[in-house]
Amino acid sequence: QVQLVESGGGLVQAGGSLTLSCVASERAFRPYFMGWFRRVLGKEREFVAAISWSGSNIVYADSVKGRFTISRDNAKNTVYLQMSSLKPEDTAVYYCVSGTRSVWHGSESDIASWGQGTQVTVSS
């Protein structure tokens, strides 16, 4: 069974940092891209970042570019999202995803699995 389990969410002040982790079952993890989405209350979910199986292809949403860093440890079946210079508008439920191909091409139809989500709250 495919499983994605996120952790690391919480409450942080604006300007602070937080790192999210997502541990995946091997079936979900290799050799696929991994990524993060988020959903702000009352809004549609949005893409945050994605990393290819090899780690050589990384894509960020413009809203987080320069502040967030996605990485993966293939030996641990784990993907990370390091978030810094957090803003109140980053407050959302963050979801880990795994793909059906090795590289993210911008289509949600390539997403195989979603995690349960972890809440990130940034106070002003």
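Using modelled atom types, one side-chain atom of Thr118 and one backbone atom of Gly9 make a donor-acceptor pair closer than 3.5 Å. With hydrogens and angles ignored, the 3.5 Å screen pairs no side-chain donor or acceptor of Asp110 with any backbone N or O of Trp104. Remark: side-chain polar atoms of Thr91 are paired, donor with acceptor, to backbone N or O of Val122 under 3.5 angstrom. In terms of modelled atom types and a separation under 3.5 Å, the side chain of Glu6 and the main chain of Gly117 share a donor-acceptor contact.
Closest heavy-atom contact between Val5 and Gln116: CA-OE1, 3.9 Å. Here the shortest heavy-atom pairing between Val120 and Met83 reads CG2-CE, 3.9 Å. Tyr80 and Ser21 get closest at one heavy-atom pair: CD2-OG, 3.4 Å. Considering every non-hydrogen atom in both Gly99 and Ala112, the closest pair reads O-CB, 3.8 Å.
The cationic atom of Arg45 (NZ for Lys, CZ for Arg) lies less than 6.0 Å from the six-membered ring centre of Trp114 and within 45° of the ring axis.
Contact check for Ser52 versus Ser102: no side-chain heavy atoms found under the 4.5 Å cut-off. In this structure, the side chains of Met34 and Leu4 come closer than 4.5 Å at one or more pairs of heavy atoms. Gln13 has its side chain out of reach of Leu86: every pair of non-hydrogen atoms, C-beta onward, lies at least 4.5 Å apart. Residues Thr100 and Phe33 fail the side-chain proximity criterion, which asks for heavy atoms closer than 4.5 Å. Considering only heavy atoms from C-beta on, Thr69 stays 4.5 Å or farther from Leu81 through its side chain. The closest side-chain heavy-atom distance from Ser123 to Leu11 is below 4.5 Å. Between Arg38 and Phe47 the shortest side-chain heavy-atom distance does not fall below 4.5 Å.
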Practice problem: Before giving the answer on side-chain contact (heavy atoms from CB on, under 4.5 Å), spell out for Ser17 and Val12 the whole-Å C-alpha distance, their side-chain angles and the decisive distance to 0.1 Å. | Solution: CA-CA 7 Å; Ser17 300; Val12 64; over 6 Å; no
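For the pair Arg39 and Glu44, the salt-bridge criterion is not met [side-chain N within less than 4.0 Å of a carboxylate O].
Remark: Gln82 CD to Phe68 CZ distance equals 11.5 Å, nearest 0.5 Å. Expressed to the nearest 0.5 Å, how far CD of Gln3 lies from SG of Cys96 amounts to 12.0 Å. Of the inter-residue distances, the one linking Tyr32 atom OH with Ser113 atom OG reads 9.5 Å to the nearest 0.5 angstrom.
Of the candidates Val48, Ile51, Val59, Leu20, Ile70 forms a side-chain contact (heavy atoms from CB on, under 4.5 Å) with just one, namely Ile51.
At a threshold of 4.5 Å between side-chain heavy atoms, the hydrophobic network of Ile, Leu, Val, Met, Phe, Trp and Tyr places Val97 and Val23 in two separate groups.
Residues passing the side-chain hydrogen bond (donor to acceptor under 3.5 Å, both in side chains) test with Lys65, sequence neighbours excluded: Asp62.
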